Amino acid sequence: MGLPQAYRCGRLSSRIYNYIQFIKETVMYCAKSMYQGGRIVCADDADYSSYSDLGLRCLECGEEVHLKRGDYKKPHFAHFKATSSSRCSLRLTGYSEGSSGLTPEDKKQRRELFQKYFLNIIERSDDNFYQKIQVVKEKINTQKLNNFTEACCNHFSDNSSQLVTECRIFPSIAYDQNLLLEILIAGEAIDYLSLSSSRILLEPLVHYSLDKFCITITDNWDNYVTQIKPNEIIQQIKDILINVSWLSILSELQDLQRSRRIYGFGL
């Protein structure tokens, strides 16, 4: 009782039937929005721009997800192509990653665009964001900088839970709902940056934070960087994320996105 007619008639093997059931049970109908402080978003309420506009992430592994929908499938979320470190029970190889069945709108959803959008938010907090990163790269030996960056990124990932907790502890002063939401967004951003797949975003933030330590140094930055502890850098990154004007920048970017979609210009 309850089995498909094809299965009862012997035309569908138990292995295939079990796989179909597995797909039904693990398809993602919900994701969490980084830019709404972790609010749960249902696929029925999302569109093809939601993945970047809302910063949609998998509820289990935290990686970026995008919307999939069609004439015959219920709208749902799916992961982007797996990285070497991707591990998630909701990731269905060959099902959520295939591109042959994607519509043109599906294909505009890309992890690279998701990451570019995230970094664009941070960048808008400082007009000299990339210039400061370039100065660090010019003044510090490449191998020494790479080693220091690796140590800081590893330390950040190992201590991300503590950073999120620290980010949510603040004095009991007068605050409004917008401030509370921005604190929640900062915590989501820390969690997102701790993923191996987000290392490409964390590295420039390490360099940007390093500039803040070295900016007053007039002599050899190579010598000074050896005195800086990774924990000092990750605390600086936490402070940077807390002080981002998330809501105003997101509103500005979303207005630009709408202009681009309607008039063909914007970001």
Side-chain angles (χ1 to χ4, degrees), residues 27-70 75-83 86 88 90-91 96-99 101-126 129-130 178 181-182 184-205 240-241 244-267:
V27 167
M28 279 188 287
Y29 294 119
C30 295
K32 63 177 177 177
S33 167
M34 175 162 52
Y35 302 139
Q36 294 182 337
R39 187 178 73 87
I40 304 302
V41 176
C42 295
D44 286 335
D45 300 323
D47 59 33
Y48 288 116
S49 64
S50 297
Y51 86 108
S52 63
D53 287 353
L54 300 181
L56 296 179
R57 303 170 60 211
C58 174
L59 289 169
E60 179 177 323
C61 70
E63 287 194 3
E64 314 90 336
V65 297
H66 62 94
L67 178 68
K68 294 189 75 174
R69 64 185 179 191
H76 62 280
F77 297 112
H79 291 85
F80 290 98
K81 185 177 181 181
T83 63
S86 297
C88 183
L90 295 178
R91 179 182 291 280
S96 61
E97 297 169 10
S99 60
L102 296 181
T103 66
E105 284 184 300
D106 285 319
K107 293 180 178 180
K108 291 179 182 177
Q109 301 177 104
R110 289 285 182 265
R111 172 184 278 130
E112 292 79 8
L113 295 179
F114 185 108
Q115 294 177 334
K116 179 181 178 181
Y117 192 83
F118 176 87
L119 205 55
N120 199 6
I121 297 171
I122 312 298
E123 165 198 344
R124 283 173 178 264
S125 297
D126 186 345
F129 181 79
Y130 287 110
N178 286 344
L181 178 54
E182 290 197 327
L184 293 175
I185 295 172
E188 287 291 313
I190 290 171
D191 183 64
Y192 172 59
L193 287 169
S194 70
L195 303 176
S196 297
S197 58
S198 301
R199 184 64 63 96
I200 192 174
L201 302 173
L202 184 56
E203 289 176 353
L205 285 175
I240 289 169
L241 296 173
V244 169
S245 299
W246 292 97
L247 298 182
S248 61
I249 295 174
L250 283 166
S251 177
E252 177 186 345
L253 287 176
Q254 286 165 12
D255 286 344
L256 289 171
Q257 292 277 38
R258 280 191 288 270
S259 296
R260 185 180 65 176
R261 291 169 193 140
I262 297 173
Y263 303 111
F265 62 85
L267 283 175

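This one's a predicted model, so the numbers in the text were calculated from it and none came from an experiment.
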side-chain contact (heavy atoms from CB on, under 4.5 Å) filter on E123, not counting sequence neighbours, yields N120, F129, Y130
Those residues at least two apart in sequence (or on a different chain) that pass salt bridge (Lys or Arg N to Asp or Glu O under 4.0 Å) with E188 are K32, R57
Closest heavy-atom pair, L184 versus G37, reported as atoms and distance to 0.1 Å, is CB-CA, 3.8 Å
Enumerate donor-acceptor pairs with a distance under 3.5 Å from any side-chain N or O in residues 38-46 to protein atoms, sequence neighbours excluded.
| from | atom 1 | to | atom 2 | distance (Å) |
| --- | --- | --- | --- | --- |
| R39 | NE | Q36 | OE1 | 2.6 |
| R39 | NH2 | Q36 | OE1 | 2.6 |
| D44 | OD2 | K74 | NZ | 3.4 |

Notebook entry, point to check: Within the side chain of Y48, is there an N or O that forms a donor-acceptor pair under 3.5 Å with the backbone of H66?
Noted result: no
With sequence neighbours left out, the residues meeting salt bridge (Lys or Arg N to Asp or Glu O under 4.0 Å) with E252 are R124
Of all heavy-atom pairs linking V244 and I121, the shortest is CG1-CG2, 4.0 Å
Closest heavy-atom pair, I122 versus W246, reported as atoms and distance to 0.1 Å, is CD1-CH2, 3.8 Å
Under a 3.5 Å distance rule, please check whether E64 uses its side chain to pair with a backbone N or O of Q115 as donor and acceptor. no
Sorted by chain and residue number, the side-chain contact (heavy atoms from CB on, under 4.5 Å) partners of L181 (sequence neighbours excluded) come out as I185, L247
Exercise. Does the side chain of L241 come within less than 4.5 Å of L193's, by heavy atoms?
Worked result: yes
For L119 and P204, the nearest pair of non-hydrogen atoms, with its separation, is CD2-CG, 4.3 Å
The side-chain contact (heavy atoms from CB on, under 4.5 Å) partners of S251 (sequence neighbours excluded) come to D255
